[in-house]
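Here's the structure we're looking at; comments come further down.
Keep in mind that this is a model prediction, so the values were computed, not measured.
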Amino acid sequence: MPSASGRQYHAIPGPSVMPDRVLRAMHRAAPNIYGGEIHELVETLFPDLRRVAGTAHHAAIYIGNGHAAWEAANANVFSRGDRALVVATGHFGHGWANSARGMGVDVEMLDFGRRAPLDPQRLTDTLRADTGHALRAVLVTHVDTATTIRADIAAVRAAIDAAGHPALLMVDCIASLGCDTFLMDEWGVDVMIAASQKGLMTPPGLCFVWFNDKARAAGVRADLRTPYWSWEPRVAGGEFYQYFCGTAPTHHLYGLREALDMIFEEGLDAIWARHARLAGAVWAAVDVWGQGGPMELNVADPAHRSHAVTAVRIGAPHGTALRNWADDQGGVTLGIGLGMAAPNDPAWHGFFRIAHMGHVNAHMTLGALAVIDGGLKALDIPHGQGALDAAARALIAPAAQVARAAE
Ligand SMILES: *Cc1c(COP(=O)(O)O)cnc(C)c1O
């Protein structure tokens, strides 16, 4: 099967597909950073960043990737020796915990493994046991990009409130913002982080921290704060350079402006519904494949699955073999199974992920599924028949049935 021509589709969970409009917006000469249109453009970003997050509070922009967003959030909230509770539902929860630990924060883990959703009751119990309120914050990953478990953030808020605990709620939405429904203020989130290269459809290089006044007040005492990472000048500095603590990331900002325009032209509700629909098509296909072979969705309950990316278990060595086939023969790059087994463990080859994140439509997702179907046949991996039919039917399902999109 020829794949040397045609456009390669990277169905991986970031960097996601960049719209031509975003690329075109970036293709320009360096602007004057002392005044003029780049200053005006930056002023337009903040209200739109707030809107995308569902918050009326503050948004700070940093030059950095997702790891930088973790550090930015940590630096503005914690002092060395402070305690934090990290709720992990996969690789990225541990990543945020490591980031906090490396900065001198004393981290307590609530680890729910690699397939299970978090249990709000255990969170309440843990917070109740902290009678002295030493835990300053609860750190949660909205969508763990490795396991593709989606956390119920409103339930996390309720669990914290049930314990009567004052800890801040901090949420990593790097994989989910602009894909899965997220309502920062309505869900009682105090700090939220995201990065440019996933649902926001902009090249890697920008990250964002949103925070409310409760978090801002807590930040005043944070001794991990340094001049570069402090969010204060980035939201209230008064001088243009202070938004970025130095030179503005000019071309990323042009790209982001265009991406935000695209997001509001489509509408957040429509975007969330599109992701739910595409996710439903992927789940339908995997369910059918699994009826005749070793394939299985990592997350059993649809209510706890991400709408941005889907982790699949297929058993070693099929995962790697299928990814290689899809890449070489089908023009589709699938995601590796991240954090599901150690890289030197043969079981590492038993996983893959399909991203359906950002600038993605039906033919891209159906195309990826069709290539996987071809790969299963070419590689003689046992699988149920009719997956593409099931995917097509899921795509055209009545809105009420689509991937539990109504939550
Ligand atoms: C991608 C991702 C990160 C890390 O982002 P990098 O840009 O790779 O540093 C962190 N958390 C989540 C949930 C992610 O999806």
Side-chain angles (χ1 to χ4, degrees), residues 1-3 6-13 17 115 145 147-150 179 273-337 340 349-357 360-405:
M1 208 162 92
S3 75
R7 184 173 288 196
Q8 183 82 12
Y9 171 30
H10 299 290
I12 61 171
V17 173
R115 302 195 76 168
T145 325
T147 57
T148 68
I149 289 164
R150 179 163 51 94
C179 306
R274 171 167 55 83
H275 281 84
R277 218 169 250 287
L278 295 174
V282 172
W283 305 344
V286 177
D287 281 343
V288 171
W289 284 322
Q291 283 160 21
M295 264 221 227
E296 186 189 1
L297 290 163
N298 187 51
V299 185
D301 183 348
H304 300 300
R305 290 180 196 150
S306 161
H307 295 172
V309 53
T310 297
V312 181
R313 298 175 163 255
I314 187 172
H318 299 320
T320 297
L322 189 62
R323 277 194 305 104
N324 289 342
W325 192 92
D327 216 351
D328 297 342
Q329 305 297 318
V332 175
T333 309
L334 299 167
I336 60 169
M340 303 300 269
H349 298 284
F351 305 89
F352 70 93
R353 288 173 298 160
I354 309 166
H356 28 94
M357 168 187 280
V360 183
N361 59 20
H363 86 76
M364 296 163 82
T365 296
L366 287 178
L369 295 174
V371 166
I372 292 169
D373 198 64
L376 292 168
K377 291 171 169 59
L379 297 168
D380 274 331
I381 301 170
H383 61 282
Q385 303 299 314
L388 301 178
D389 193 60
R393 274 187 277 111
L395 266 179
I396 60 158
Q401 290 171 24
V402 173
R404 320 313 197 259

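- In this structure, W283 and L297 have side chains that are in contact, with non-hydrogen atoms separated by less than 4.5 Å.
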| Given the rule in the side chain to side chain donor-acceptor pair (under 3.5 Å) test, do Q8 and H10 qualify, once you have shown the distances and angles that lead to the verdict? | CA-CA 6 Å; Q8 183 82 12; H10 299 290; 5.0 Å; no
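- Contact annotation: the side chain of I381 approaches that of P294 to within less than 4.5 Å [non-hydrogen atoms, C-beta and beyond].
- Counting only distance, with no hydrogens or angles, the side chain of R313 and the backbone of F352 share no donor-acceptor pair below 3.5 Å.
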Indicate every side-chain donor-acceptor pair of residues 362-374 with a distance under 3.5 Å to a residue at least two apart or in another chain.
| residue | atom | partner | partner atom | Å |
| --- | --- | --- | --- | --- |
| D373 | OD1 | W289 | NE1 | 2.7 |
| D373 | OD1 | K377 | NZ | 3.4 |
| D373 | OD2 | K377 | NZ | 2.8 |

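- Smallest separation of non-hydrogen atoms from T147 and A311: O-CB, 3.7 Å.
- Formation of a donor-acceptor pair under 3.5 Å by the R353 side chain with backbone atoms of G337 is not found in this model.
- Of all non-hydrogen atoms in A281 and L395, the two that sit nearest each other are CB-CG, 3.8 Å.
- Here L388 contributes atom CG and R393 contributes atom CZ; the two are 11.0 Å apart, rounded to the nearest 0.5 Å.
- Atom OG1 of T310 and atom CG of L334 lie 11.5 Å apart (nearest 0.5 Å).
- H318 places none of its side-chain heavy atoms less than 4.5 Å from the side chain of L379.
- Sequence neighbours left out, the pairs with a member in residues 281-303 that pass salt bridge (Lys or Arg N to Asp or Glu O under 4.0 Å) are R115-E296.
- Side-chain polar atoms of T333 and D327 form a donor-acceptor pair below 3.5 angstrom.
- The line from NE2 of H349 to CG of L322 is 14.0 Å long, rounded to the nearest 0.5 Å.
- A donor-acceptor contact shorter than 3.5 Å links the side chain of H356 to the backbone of H307.
- Shown here for A284 and A394, the closest heavy-atom pair between the two residues is CB-CB, 3.9 Å.
- Within the 3.5 Å criterion, the main-chain N or O of R305 finds a donor-acceptor partner in the side chain of R150.
- R7 places no side-chain N or O within 3.5 Å of a backbone atom of G331 that could act as its donor or acceptor partner.
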